[in-house]
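What follows is a single structure, written as structure tokens, with notes after it.
Residue numbering restarts at 1 for every chain, and letters A, B, ... go by the order of the sequence lines. The basis for the numbers below is simple: all heavy atoms, side chains too, and nothing from hydrogens, waters or symmetry mates.
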Number of protein chains: 2
Amino acid sequence: MILSASPMETGTTDHATEADEVRLNVLDTLVGYHLRRTSSLFAADFAEALGDLGIRQVLFGILSTIRDNPGINQGAAGKVLGIQRPNMVSLVNDLVDRGLIERRVARDDRRAFELQLTPAGAVQIETALERIREHEDLLLRDLTADERQMLIALLTRIERTRD
Amino acid sequence: MILSASPMETGTTDHATEADEVRLNVLDTLVGYHLRRTSSLFAADFAEALGDLGIRQVLFGILSTIRDNPGINQGAAGKVLGIQRPNMVSLVNDLVDRGLIERRVARDDRRAFELQLTPAGAVQIETALERIREHEDLLLRDLTADERQMLIALLTRIERTRD
DNA sequence: TATTGTTATACTCTATAACTATA
DNA sequence: TATAGTTATAGAGTATAACAATA
């Protein structure tokens with residue numbers, strides 16, 4: 001039994017009690033819904049693939065931002081990653097406590113911290129990156145390389161759309 | 001100042017202290033990162049656009065699933081939406097308490113609840129849908145209709161990729 | 001005055017284990 | 001035994017207000 005797609009027929013007494021029969025008519029037309037589902041799919045698989053390293057998505061974002069921008073301030077790193085300053089504190093503490101990054105008072109501004117990868121952090125990020133490549137290759141195996149690039153390009157344009 | 005993209009040059013003493021200068025070299029190549037950013041962008045704007053209605057993304061998902069599948073069980077609705085059963089309870093309670101849905105014991109299985117929209121819920125979902133269309137049109141205004149459809153198609157294929 | 005980092009706090013989302021009532 | 005819904009709980013993620021030190 002496939003249920004009607006039309007809201008005009010909601011007076012029916014049909015029931016949808018099995019997942020196979022269920023339609024998601026409206027939701028399927030919404031980009032936001034699909035972003036929600038796919039991003040949570042990626043988050044769950046990321047956690048499974050890298051959980052033993054203790055590297056969560058947020059933490060990898062911070063690590064790789066520091067790697068690509070050595071000496072970056074805590075606040076600046078948070079800003080590009082969309083992490084608010086109060087929430088950066090415990091995340092950076094976590095990475096420092098685990099010996100993956102170093103936090104030094106900036107010479108030119110003694111309020112600020114300059115963040116650097118430690119050698120251990122540099123190793124850790126490489127290990128993580130290998131795992132992440134595998135995890136993305138697995139989840140995206142039904143897309144061609146072109147489609148994958150297209151997807152990144154579309155998402156990037158959405159991110160860059162500014163008020 | 002634009003920082004080097006090469007990890008081989010991380011020995012530099014350059015600092016990236018302003019957001020404009022910061023590169024996200026590795027992250028920008030990861031689909032998971034872009035999904036994370038765009039989905040959180042959509043979630044934040046959704047909350048702003050529909051906050052006064054008290055309709056959050058999850059709640060809209062439940063409401064529209066009930067609308068498109070009247071009489072669906074609580075568990076079945078959660079299953080298609082990726083919401084675990086324990087977490088459905090308070091969400092459904094919320095919608096019942098606000099008079100947007102009705103919960104009736106199923107005739108054929110007295111453990112189960114059949115969920116139905118109330119007339120107020122049917123009105124509410126229409127209002128919400130108008131707002132959501134506007135909100136999506138705004139966030140996706142830099143994409144053509146074809147690109148939007150392409151994006152939904154790509155995301156849907158990722159969702160349907162099964163182990 | 002403004003900014004960097006901090007603390008405290010709260011709310012949502014998600015996940016697991018254990019219970020009850022029905023099947 | 002298995003399933004539908006429930007309760008309790010805990011861990012992330014995210015948001016705001018208020019503070020100290022420094023600019």
Which angle, to the nearest 10 degrees, lies between the helix axes at the two ends of the helix from dT1(C)-dA23(D) to dA23(C)-dT1(D), each defined by five pairs?
0°

Residue whose nearest DNA chain C nucleotide is more 5′ - Ala112(A) or Ala44(A)
Ala112(A)

Is [X] close enough to [N] that one of its side-chain N or O atoms is under 4.0 Å from OP1 or OP2 there?
X         : N       : result
Arg56(A)  : dG13(D) : yes
Arg36(A)  : dT12(C) : no
Arg103(A) : dT6(C)  : yes

Mind checking whether Val26(A) and Asp68(B) have side chains closer than 4.5 Å, heavy atoms only?
yes

Val58(B) vs Arg36(A) side-chain heavy atoms within contact, under 4.5 Å:
yes

Comparing Leu91(A) and Asp109(A) on DNA chain D - which has the more 5′ nearest nucleotide:
Leu91(A)

Would you mind telling me which residue lines up with the more 5' stretch of DNA chain D, Gly75(B) or Arg110(A), judged by nearest nucleotide?
Gly75(B)

Quick one about Thr29(B) and Arg133(A) (side-chain donor to acceptor, distance below 3.5 Å, no hydrogens or angles considered), yes or no?
yes

Going by distance alone, is a donor N or O of one side chain under 3.5 Å from an acceptor N or O of the other, for Arg67(B) and Asn25(A)?
no

Round to the nearest Å and state the distance from [X] atom [atom1] to [N] atom [atom2].
X         : N       : atom1 : atom2 : answer
Leu41(A)  : dA15(C) : CG    : P     : 11 Å
Arg85(A)  : dA20(D) : CZ    : P     : 17 Å
Asp108(B) : dT22(C) : CG    : P     : 15 Å

Pick base, sugar-phosphate or nothing for Gln74(A), based on heavy-atom distances below 4.0 Å to the nucleic acid.
sugar-phosphate

Give Asn87(B) one of three labels, base, sugar-phosphate or nothing, depending on what nucleic acid heavy atoms sit under 4.0 Å from its own.
base

Search all heavy atoms of Leu139(B) against all heavy atoms of Leu41(B) and return the closest pair with its distance.
CD1-O, 4.4 Å

